[in-house]
Amino acid sequence: MDFKNRVFALTIKIPRGKVVTYQLLAKALGDPKKARAVGNALNKNIDTKNIPCHRVVRSDGQAGGYAFGNAEKIKKLKSEGLEIKNGVISSLSAILFKFKH
DNA sequence: ATTATGACCGAAG
DNA sequence: GCTTCGGCCATAA
């Protein structure tokens with residue numbers, strides 16, 4: 001299984017209303033330094049129908065990027081109950097989803 | 001093999 | 001709060 005598929009496999013597990021940082025996802029893959037590569041993988045494969053890639057955000061609380069425009073990403077997050085003001089997610093730590101080891 | 005790019009991160013000023 | 005910078009890694013050329 002190549003890198004991007006591992007990224008997708010984990011992304012699909014993120015429950016509605018919760019989010020994960022790129023770094024956290026990378027850590028779940030075994031190396032927290034892969035955060036950048038994770039974003040790169042999500043950028044190339046866009047299956048918004050099957051993969052909730054909008055639930056992956058930056059560690060600083062900002063939404064991060066999105067292939068169809070980050071405005072669209074924020075819109076989706078809001079529609080799942082998340083509160084975002086000034087482009088920053090409120091209470092990020094409270095809605096952070098933790099992967100099982 | 002080397003270079004460039006990008007939905008990243010943390011430290012420093 | 002802000003910007004800049006160096007370091008990361010997977011991918012494509």
Side-chain angles (χ1 to χ4, degrees):
Chain A
M1 204 176 206
D2 55 357
F3 186 77
K4 61 186 177 189
N5 287 65
R6 289 195 292 158
V7 173
F8 291 140
L10 291 177
T11 305
I12 297 175
K13 294 182 178 179
I14 307 173
R16 192 200 155 109
K18 296 220 169 185
V19 295
V20 174
T21 68
Y22 293 97
Q23 192 170 36
L24 201 60
L25 216 166
K27 188 182 287 184
L29 292 177
D31 188 350
K33 289 175 293 195
K34 292 182 168 188
R36 197 165 192 176
V38 169
N40 204 333
L42 289 176
N43 179 36
K44 291 185 176 179
N45 298 289
I46 312 154
D47 301 346
T48 56
K49 295 289 193 213
N50 310 309
I51 301 171
C53 47
H54 58 278
R55 299 199 185 124
V56 187
V57 302
R58 296 182 39 148
S59 63
D60 59 11
Q62 294 185 51
Y66 198 58
F68 296 123
N70 72 330
E72 185 66 21
K73 182 171 184 177
I74 293 176
K75 186 178 177 183
K76 287 199 167 214
L77 290 174
K78 276 182 156 187
S79 71
E80 293 192 355
L82 276 69
E83 183 182 343
I84 301 176
K85 49 180 169 183
N86 291 2
V88 181
I89 301 175
S90 309
S91 320
L92 178 61
S93 58
I95 59 174
L96 214 52
F97 174 71
K98 301 187 188 334
F99 291 106
K100 301 176 182 179
H101 48 39

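So you know, we letter chains A, B, ... as the sequences are listed, proteins then strands, and number each from 1. Just so it is clear, the model here is predicted, and its values are computed rather than measured.
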**Fill in**
For nucleotides 5-13 of chain B, 5' to 3', base contacts (B), sugar-phosphate-only contacts (S) and non-contacts (-) with protein non-hydrogen atoms under 4.0 Å give -BBBSS---
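B:dA7 and C:dG7 have their P atoms separated by 22 Å, given to the nearest Å.
Other residues, nucleotides and ligands contribute at most 12 non-hydrogen atoms within 6.0 Å of the CG atom of A:Asn86.
The salt bridge (Lys or Arg N to Asp or Glu O under 4.0 Å) contacts involving residues 76-97 of chain A comprise A:Arg55-A:Glu80, where partners must be two or more places apart or lie in separate chains. Sequence neighbours left out, not one pair with a member in residues 89-101 of chain A passes side-chain hydrogen bond (donor to acceptor under 3.5 Å, both in side chains).
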Would you tabulate the side-chain donor-acceptor contacts of residues 22-44 of chain A under 3.5 Å, counting partners in other chains and residues two or more places apart, or write 'none'?
{"unit_1": "A:Tyr22", "atom_1": "OH", "unit_2": "A:Lys73", "atom_2": "NZ", "d": "3.2"}
{"unit_1": "A:Asp31", "atom_1": "OD1", "unit_2": "A:Lys33", "atom_2": "N", "d": "3.0"}

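By the 4.5 Å heavy-atom criterion applied to side chains, A:Val20 and A:Leu10 are not counted as neighbours. The shortest distance between side-chain heavy atoms of A:Val19 and A:Val56 does not fall below 4.5 Å. Using a 4.5 Å heavy-atom cutoff, the side chains of A:Ile95 and A:Ile89 are in contact.
A 4.0 Å heavy-atom criterion places the boundary nucleotides of DNA chain C facing chain A at C:dG7 to C:dA12, written 5' to 3'.
Judged as a salt bridge (Lys or Arg N to Asp or Glu O under 4.0 Å), and not counting sequence neighbours, the contacts of A:Arg58 are A:Asp60.
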